[in-house]
Amino acid sequence: MRIDLHLHSTASDGTLTPEALVDAAASLGLVAIALTDHDSVGGVAAATRAGIERGVTVVPGVELSADVPGGDCHILGYLVDVGHAPFAAWLAARREARITRGVEIVRRVNAALRSRSGAGAPQASWESVARRADLAGGGSVGRPHVADELVAVGAVTSREEAFASLLGNGMAGDVPSAKVPPAQVIAVIRDAGGVAVLAHPTYLPDFAGRLPDLVACGLGGLECLYGDYAPDVVAGLVALAGVHDLVVTGGSDFHGPSTGAGSGAIGVPLVPDSVLEALARRHGRG
Ligand code: AMP
Ligand code: FE
Ligand code: FE
Ligand code: ZN
């Protein structure tokens with residue numbers, strides 16, 4: 001039986017609602033999914049309700065960004081207590097920081113567009129970005145919402161092109177997030193009763209060298225099955241997880257059809273349900 005433990009919904013930068021994700025997962029025959037929105041657990045309740053109707057187990061999850069010198073580090077929190085008040089407050093503060101950053105991203109991207117094409121250049125509107133991110137409803141704004149706005153105003157033709165020309169690392173719209181060290185991110189997840197898992201490890205420069213420190217901070221798992229990782233990459237990660245006694249997890253990082261993130265398809269790569277059993281055992285260990 002198959003599962004997918006890394007999915008984004010409209011509660012952050014995915015294009016499908018939590019209910020639509022559950023529907024799609026059920027249609028594909030998945031028995032469990034985790035919702036892992038950036039800095040938000042706002043979609044978990046709706047997904048859980050839909051999951052009960054469709055016979056899909058919904059694992060409460062979240063994806064948090066940590067700052068490490070010279071690279072970005074994404075940490076997934078699984079089986080978190082979404083009702084834990086300090087956790088909810090911490091996430092709300094992170095979403096506030098995303099708003100400040102989002103305003104600056106729009107400002108910088110608009111300046112880049114003007115310097116490229118002059119006064120008549122297409123311009124993104126922050127108000128429109130805020131609507132796309134559903135900030136009024138507690139959404140979590142990120143670069144993909146700016147990308148969608150850039151598509152809408154005709155500056156680019158897709159999210160992927162937006163990242164390739166304006167939003168990618170080192171480009172005009174790559175505004176750093178407020179710095180939170182991995183130790184704090186892991187502590188926040190554990191305080192909320194969750195298991196902390198390093199997402200898409202290969203995106204973190206020198207992840208193998210950094211792993212002992214993360215494990216010392218309480219990291220509990222490694223996302224070994226991800227996107228288009230080749231078999232030898234997966235094998236290397238699984239071996240590393242074994243060395244550090246980390247639970248092996250996996251998921252698609254699906255953000256919606258043709259969004260350019262993750263594998264691009266729910267349920268890809270194939271993740272067996274034994275992964276969730278191992279995660280639950282780790283959760284029980286505390
Ligand atoms: P942010 O959270 O604002 O830093 O934006 C990061 C998000 O942008 C990731 O979670 C992905 O959803 C998305 N993303 C990053 N790189 C790309 C890319 N090359 N194409 C499409 N989406 C991307
Ligand atoms: Fe994302
Ligand atoms: Fe990520
Ligand atoms: Zn993700």
Side-chain angles (χ1 to χ4, degrees), residues 3-18 21 25 33-44 47 59-68 71-78 80 91 94-95 97-98 101-102 105 129 132-134 139-150 158-160 162-164 167-169 173-177 180 182 185-186 189 194 196-205 207 210 214 219 221-229 237 249-269 271:
I3 66 175
D4 187 336
L5 296 182
H6 192 157
L7 296 167
H8 294 266
S9 78
T10 48
S12 65
D13 58 1
T15 63
L16 301 191
T17 63
L21 277 177
I33 64 165
L35 202 62
T36 54
D37 279 305
H38 301 283
D39 296 329
S40 175
V41 290
V44 169
V59 177
V62 71
E63 182 172 15
L64 307 178
S65 305
D67 180 72
V68 300
D72 257 344
C73 170
H74 289 185
I75 298 180
L76 298 157
Y78 287 118
V80 285
L91 293 177
R94 296 300 293 163
R95 292 196 297 273
R98 280 179 169 276
R101 170 178 175 253
I105 292 173
V129 171
R132 292 175 189 286
D134 188 25
S140 180
V141 67
R143 282 177 284 172
H145 300 108
V146 180
D148 290 347
E149 169 71 0
L150 291 171
S158 67
R159 272 193 184 187
E160 280 173 281
F163 273 89
L167 296 172
N169 293 345
D174 177 23
V175 178
S177 318
V180 183
V185 167
I186 293 170
I189 291 169
V197 173
L198 180 62
H200 37 65
T202 62
Y203 292 10
L204 176 65
F207 64 91
R210 296 187 204 265
L214 297 174
L219 191 77
L222 196 65
E223 189 178 49
C224 301
L225 304 161
Y226 179 84
D228 56 359
Y229 282 180
L237 290 170
T249 74
S252 64
D253 205 4
F254 180 76
H255 281 67
S258 42
T259 49
S263 74
I266 299 172
V268 178
V271 179

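Indexing begins at 1, ligand by ligand and atom by atom, following the structure's order.
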Please name the pair of heavy atoms, one in [X] and one in [Y], separated by the smallest distance, quoted to 0.1 Å.
X	Y	value
Asp174	Asn169	OD2-CA, 3.4 Å
Leu167	Gly173	CD2-CA, 4.0 Å
Glu63	Ala199	OE2-CB, 3.9 Å

Can you tell me, to 10 degrees, how wide the angle at the Fe ion (ligand 2) is between NE2 on His38 and OD2 on Asp13?
->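 Vertex at the Fe ion (ligand 2): approximately 90°.
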Where does the angle between the aromatic ring planes of His200 and Tyr203 fall among parallel (under 30°), tilted (30 to 60°) and perpendicular (over 60°)?
->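 Parallel: the ring planes of His200 and Tyr203 meet at under 30°.
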Taking only residues two or more places apart in sequence or in another chain, which ones pass side chain to side chain donor-acceptor pair (under 3.5 Å) with Thr202?
->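 Residues passing side chain to side chain donor-acceptor pair (under 3.5 Å) with Thr202: Tyr229.
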Give a yes or no on whether His255 keeps an N, O or S atom under 2.8 Å from the Fe ion (ligand 2).
->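 Checking the Fe ion (ligand 2) against His255, an N, O or S atom does fall under 2.8 Å.
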Give a yes or no on whether Glu63 keeps an N, O or S atom under 2.8 Å from the Fe ion (ligand 2).
->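 It does not; every qualifying atom lies at 2.8 Å or beyond.
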Atoms of protein origin (N, O or S) under 2.8 Å from the Zn ion (ligand 4) |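 Protein N/O/S atoms under 2.8 Å of the Zn ion (ligand 4): His6 NE2, His8 NE2, Glu63 OE1, Asp253 OD1.
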Between His8 and Asp253, do the side chains contain an N or O donor and an N or O acceptor separated by less than 3.5 Å?
->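 On atom types as modelled, these side chains qualify, holding a pair under 3.5 Å.
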For the residue pair Ser9 and Asp37, confirm or rule out a side-chain donor-acceptor distance under 3.5 Å.
->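 Looking only at side-chain atoms, Asp37 and Ser9 do form a donor-acceptor pair, the distance falling under 3.5 Å.
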Atom name, His74 (N, O or S, nearest to the Fe ion (ligand 3)) =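 So the atom name we want here is ND1.
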Can you measure from CG (Leu204) to CZ (Arg210) and round to the nearest 0.5 angstrom?
->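 Going from the CG atom of Leu204 to the CZ atom of Arg210 covers 5.0 Å.
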